[in-house]
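Scroll down for the structure; my scribbles are underneath it.
None of the values given here were measured: they were computed from a predicted structure. Excluded from the calculations below are hydrogen atoms, water molecules and symmetry mates; all remaining heavy atoms, backbone and side chain alike, are included. When a ligand or atom number is given, it counts from 1 through the structure's own listing order.
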Amino acid sequence: MTEKSLFCGINNPADSSNLTDMEKKHVPVIEAPDTVTAGEAFEVTVKVGSTPHVMEVVHHIQWIDLYSGGNFITKVILTPVFMTAKVTINMVKSGAHETATLRAVSRCNVHGMWESEKVIAVK
Ligand SMILES: [Fe+2]
């Protein structure tokens, strides 16, 4: 894969059980409870990379988007040098569905967009 192709669409790991060094630094990690209670707030943390990504002016994570199913939840704009590529938000699920798929998309200014998902149960 060339560097240029990283900017064509959203990147996903070829084998999520055996990440490359590039994937370890770019695939978002979603931390949320496996089961949440409808109507009660819970924390969702998204950090970019199981290996922390650099946040230098010339190379950094520009933003992190979070979706729940097809619903846009938030976009967090990150400032290099002054921030790390990790955000925590509070969410509430309505209970209209028994599960929710949280999806994080982030963008590196050098290596393009990357995504990951985590399915949670809603009781
Ligand atoms: Fe990068």
Side-chain angles (χ1 to χ4, degrees):
M1 180 183 297
T2 66
E3 293 280 292
K4 185 176 182 183
S5 70
L6 290 171
F7 285 92
C8 295
I10 300 175
N11 300 292
N12 288 284
D15 178 0
S16 59
S17 64
N18 186 23
L19 299 180
T20 65
D21 287 345
M22 167 84 77
E23 293 164 346
K24 288 176 184 173
K25 293 178 184 174
H26 292 90
V27 175
V29 177
I30 301 171
E31 298 172 348
D34 292 331
T35 302
V36 301
T37 302
E40 292 186 9
F42 61 96
E43 286 190 350
V44 177
T45 296
V46 180
K47 63 180 182 180
V48 176
S50 50
T51 299
H53 192 281
V54 295
M55 287 297 282
E56 301 167 350
V57 171
V58 296
H59 183 196
H60 60 275
I61 301 303
Q62 298 173 299
W63 47 257
I64 297 170
D65 283 356
L66 184 66
Y67 299 82
S68 178
N71 298 314
F72 172 77
I73 303 299
T74 191
K75 174 185 280 291
V76 179
I77 306 294
L78 302 171
T79 302
V81 180
F82 296 101
M83 297 179 75
T84 63
K86 180 179 178 180
V87 299
T88 300
I89 65 160
N90 287 305
M91 278 188 70
V92 178
K93 292 300 298 178
S94 69
H97 304 283
E98 293 181 356
T99 62
T101 301
L102 303 177
R103 178 171 162 258
V105 181
S106 62
R107 188 178 195 277
C108 169
N109 68 324
V110 175
H111 301 108
M113 291 188 292
W114 296 77
E115 71 178 345
S116 65
E117 293 182 346
K118 176 182 173 76
V119 176
I120 62 172
V122 183
K123 301 289 182 186

- prompt: Counting distance only, does the side-chain N/O of Asn11 pair as donor-acceptor with the main-chain N or O of Met113 below 3.5 Å?
  reply: yes
Angular separation of His26 NE2 and His59 NE2 about the Fe ion (ligand 1), given to 10°: 160°
field: Metal-centred angle, the Fe ion (ligand 1) as apex - NE2 of His53, SG of Cys108, 10° resolution
entry: 100°
message: Checking one value in my table: which N/O/S atom of His111 lies closest to the Fe ion (ligand 1)?
response: ND1
- prompt: When hydrophobic residues are tied together by side-chain contacts of less than 4.5 Å, even through go-betweens, does Ile30 share a cluster with Val76?
  reply: yes
message: Against His53, only a single residue in Lys47, Lys86, Lys24, His59 fulfils side chain to side chain donor-acceptor pair (under 3.5 Å); can you say which?
response: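 When Lys47, Lys86, Lys24, His59 are each tested with His53, the side chain to side chain donor-acceptor pair (under 3.5 Å) holds only for His59.
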message: One thing to verify: whether Arg103 and Asp65 come together as a salt bridge, which I'm taking to mean a side-chain N less than 4.0 angstrom from a carboxylate O.
response: no
query: Below 2.8 Å, any N, O or S contact between His60 and the Fe ion (ligand 1)?
result: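 Of the N, O and S atoms in His60, none lies under 2.8 Å from the Fe ion (ligand 1), which means no.
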